[in-house]
Amino acid sequence: MNARRQILTGILATILAFASSTAVSATEATALDAAQQATLLRYAAETWHSFVLLVNPRTGLPSDSIGGQLRPASRSAFTSPTNIGMYLWAVLAARDLRIISATEATARLTKTVTSIGRLQRHAASGQFYNWYDPATGATLTTWPEPPHNTVYPFLSSVDNGWLAAALIMVANADPALHDAAWSIASSMDFGFYYDPGANPDAGTGLIRGGYWPEVPIGAGATPTNGPTNCIERRRADPNAVPPRPADDPPFAGWTCHHYGAFNTEPRIASYVGIALGQIPADHYFGGWRTFPNTCDWSWQEARPDGAWRDYTVGAKTVHVFEGAYQYHGTKLVPTWGGSMFEALMVPLVVPEEDWGPNSWGVTHPLYVQAQIEYGLADSGYGYWGFSPSSDPAGGYREYGVDAIGMGDGYTTDEARHTLYDAGWADPNCFRPPQAITDYDGGVVTPHASFLALDFDATAALANLAAMKTAFPAAYGKGGFKDAINVSTGQVADRYLALDQGMIMAAIANQLTGNQLQGYLAVTLRPALQPLMAMEEFNAGVVGP
């Protein structure tokens with residue numbers, strides 16, 4: 001405890017230097033005073049403490065989660081490429097916030113990058129598998145928790161995207177690690193997932209969700225992450241397109257879905273693939289901002305307001321339906337499920353709002369505003385911030401504001417009462433709206449408030465302070481625990497590497513003038529900034 005107090009004392013002693021030297025983000029609503037900055041730095045120090053205990057000291061690989069009391073024995077026995085990427089973020093953030101020294105940061109990064117280089121990968125693509133043992137680095141084939149189901153190796157485009165992004169950041173942030181980190185990142189082929197004909201309406205392609213290198217058909221055991229029936233049907237078709245790589249075993253194939261919604265976290269894989277020259281630049285316009293407003297697409301959450309627009313990328317013209325959903329007098333580009341990390345995890349490391357002032361720069365602040373209004377005005381919860389997280393009742397759940405999601409949407413409550421239908425006002429495909437009648441059991445996650453820092457820091461800090469005061473069990477030696485049922489007070493008593501990583505990144509950006517964001521932006525800027533700059537979303541304020 002004394003060592004921890006000394007760390008905090010040292011951190012607080014440097015806060016005035018930060019207050020005088022830190023640049024304020026262009027999108028921040030108001031500048032933070034010294035007391036607010038000190039609060040954020042204290043949150044960061046506590047959050048970093050959770051990472052120290054999440055990480056296996058021998059391999060430098062983080063576990064997926066750890067119990068709320070931070071006992072090493074409570075670390076989960078599995079990790080993923082995203083979890084590893086979040087730890088790399090956290091080390092850079094802790095260094096930049098002066099919580100740890102540059103020497104310690106380099107030592108930690110070296111151990112982790114060395115272990116990453118030893119992990120088994122898919123030979124044809126250089127992509128990493130989805131689950132590893134953090135204690136040994138072995139690829140998991142049996143789930144370490146009961147009922148110990150079979151784990152079929154899987155390549156996830158979004159998880160590999162986060163790991164590649166983090167490795168590029170390390171390469172740019174620490175000269176001692178540049179060659180090792182860049183060598184791994186640049187050998188990961190994201191073109192492997194690209195399907196050039198997946199969006200014929202736009203005239204460009206999409207990335208697939210992932211790839212199964214080997215999944216036996218009719219396996220006796222129920223897998224933890226087994227294939228869907230459509231994959232099995234496609235495998236049985238000798239003319240299936242696309243074909244599997246020649247060096248893969250007989251029963252292998254891509255997932256049946258593509259990432260079609262644009263404003264979701266898988267766009268990080270698209271960005272990395274475009275920046276590395278593995279995916280054509282016109283793919284940036286392949287994802288749906290919303291689906292079109294015709295009856296063919298009337299299954300989506302709401303009828304969008306929008307029109308088709310053409311953009312020219314090199315010698316190619318792509319067609320984009322610039323759609324938006326209306327919510328409380330604004331028009332915004334929805335995510336798939338209405339959650340915070342779908343929209344705002346990517347801008348932790350990519351300055352979308354600055355590169356796309358007429359697109360991301362408009363919709364991101366409105367998305368935060370919608371989450372706030374839902375939590376405080378619509379639901380009456382008194383708190384806001386809805387994003388996939390631990391379920392206080394056990395397990396992991398997808399939470400979000402259904403009204404700003406394109407698909408079936410995610411719920412904000414335990415019982416799924418808060419699924420909403422805006423209806424469809426067209427006589428040819430009319431669908432009546434269905435209102436929410438019961439908001440009981442609302443679940444908020446603190447990481448969602450941290451994601452909002454760059455767009456409404458004052459509201460985010462107020463929300464966090466209110467949760468910390470009202471639910472003392474939600475804050476521990478590792479910072480904010482993962483989720484709170486604000487109706488019952490039940491807390492998810494654990495820390496997740498994914499969510500803690502987002503918190504560290506958000507605080508570091510806020511207190512260092514987006515320095516952490518800059519480590520990836522410098523590599524992505526030449527390819528991505530011109531694309532973002534040319535687009536105008538159909539978003540903005542439309543009424544009182």
Side-chain angles (χ1 to χ4, degrees), residues 81-82 85-86 88-89 125-127 156-172 181-182 184-196 198-199 202 204-210 258-289 311 313-314 318 320 333 335-336 341-357 359-361 363-364 451 454 502 505 509 514 516-535 537:
T82 295
M86 294 304 97
L88 296 177
W89 283 14
S125 65
Q127 297 283 300
S156 164
S157 54
V158 62
D159 282 277
N160 275 279
W162 287 120
L163 178 57
L167 286 165
I168 292 169
M169 292 167 67
V170 170
N172 291 331
W182 181 258
I184 299 172
S186 60
S187 68
M188 299 168 68
D189 180 14
F190 288 91
F192 179 75
Y193 301 108
Y194 184 63
D195 183 352
N199 188 347
T204 185
L206 299 169
I207 59 171
R208 302 177 180 90
H258 298 82
Y259 284 122
F262 185 46
N263 191 13
T264 54
E265 78 278 9
R267 67 187 185 274
I268 191 64
S270 298
Y271 289 178
V272 171
I274 291 171
L276 295 180
Q278 301 165 347
I279 298 176
D282 55 77
H283 163 59
Y284 177 83
F285 294 101
W288 294 102
R289 280 56 180 166
Y311 297 96
V313 182
V318 289
V320 178
V333 175
T335 59
W336 178 252
F341 87 49
E342 290 175 292
L344 299 180
M345 186 175 176
V346 172
L348 288 175
V349 290
V350 183
E352 294 174 315
E353 64 275 14
D354 295 326
W355 292 354
S359 53
W360 299 113
T363 202
H364 281 335
L451 289 175
D454 202 28
M502 287 188 274
N509 281 328
N514 289 322
L516 191 84
Q517 185 187 70
Y519 297 141
L520 183 61
V522 68
T523 296
L524 267 55
R525 179 181 286 110
L528 272 299
Q529 185 175 17
L531 299 171
M532 295 184 190
M534 72 172 69
E535 185 171 17
F537 286 168

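Keep in mind the model is a prediction, meaning the values are calculated, not measured. We count residues from 1, following the sequence as given.
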Q | side chain to side chain contact (heavy atoms under 4.5 Å, CB included) assessment of M502 paired with L344 | A | CA-CA 10 Å; M502 287 188 274; L344 299 180; over 6 Å; no

**Q.** Under 3.5 Å: donor-acceptor pair, side chain of T363, backbone of W360
**A.** no

Q.
If I compare all heavy atoms of R525 with all of V522, which pair ends up nearest, and what's the gap?
A. NH1-CA, 3.9 Å

Q: Could you tell me which non-hydrogen atom of A275 sits nearest to which non-hydrogen atom of A527, and how far apart they are?
A: CA-CB, 4.0 Å

Q | Distance flag, aromatic centroids of F262 and Y284, threshold under 6.0 Å | A | yes

Q | Side chains of E535 and S359, donor plus acceptor under 3.5 Å | A | no

**Q.** Nearest non-hydrogen partners of L167 and A181, listed with the distance
**A.** O-CB, 3.4 Å

Q. Parallel under 30°, tilted from 30 to 60°, perpendicular over 60°: which one fits the rings of Y193 and F190?
A. tilted

Q) Which distance, rounded to the nearest 0.5 Å, do you find between the CD1 of I207 and the CZ of R267? A) 11.5 Å

Q) Are E353 and D454 close enough that some pair of their side-chain heavy atoms sits under 4.5 Å apart? A) yes

Q: Output the distance between atom OG1 (T82) and atom CD1 (I268), rounded to the nearest 0.5 Å.
A: 10.5 Å

Q.
Show, in sequence, the C-alpha distance, side-chain angles and deciding distance for F285 and N199, and conclude whether the side chain to side chain contact (heavy atoms under 4.5 Å, CB included) test is met.
A. CA-CA 10 Å; F285 294 101; N199 188 347; over 6 Å; no

Q | Under 3.5 Å: donor-acceptor pair, side chain of S156, backbone of G210 | A | no

Q.
Quick one, V349 and W162 - any side-chain contact, counting heavy atoms below 4.5 Å?
A. yes

Q | Rounded distance (nearest 0.5 Å) linking atom CD of E265 with atom CG of D159 | A | 9.0 Å

**Q.** Approximate separation, where rounding is to 0.5 Å, of Q517 CD and N509 CG
**A.** 5.5 Å

Q. Between L524 and V350, does a side chain to side chain contact (heavy atoms under 4.5 Å, CB included) hold up when you go through it step by step?
A. CA-CA 8 Å; L524 267 55; V350 183; 3.8 Å; yes

Q. Going through the distances and angles, do M169 and L88 end up as a side chain to side chain contact (heavy atoms under 4.5 Å, CB included)?
A. CA-CA 8 Å; M169 292 167 67; L88 296 177; over 6 Å; no

(Q) Given 3.5 Å as the limit, does a donor-acceptor pair link the side chain of R208 with the main chain of Y259, or not? (A) no

Q. Between T523 and N172, do the side chains contain an N or O donor and an N or O acceptor separated by less than 3.5 Å?
A. yes

Q. Say you draw a straight line from CZ of F341 to OG1 of T335; how long is it, rounded to the nearest 0.5 Å?
A. 10.0 Å

Q) Does some side-chain heavy atom of W355 sit less than 4.5 Å from a side-chain heavy atom of L531? A) no

**Q.** Nearest non-hydrogen partners of L276 and A185, listed with the distance
**A.** CD1-O, 4.0 Å

Q.
With rounding to the nearest 0.5 angstrom, report the CZ to CZ distance, F537 to R289.
A. 5.5 Å

**Q.** For W89 against A505, the heavy-atom pair lying closest together
**A.** CE3-CB, 3.6 Å

Q | Residue pair A164 / V272: nearest heavy atoms and the distance that separates them | A | CB-CG1, 4.1 Å

(Q) Do V346 and Y271 make a side-chain contact, defined as non-hydrogen atoms from C-beta onward lying under 4.5 Å apart? (A) yes

Q. Would you say the side-chain atoms of N160 pair up with the backbone N or O of Q127, donor to acceptor, closer than 3.5 Å?
A. no

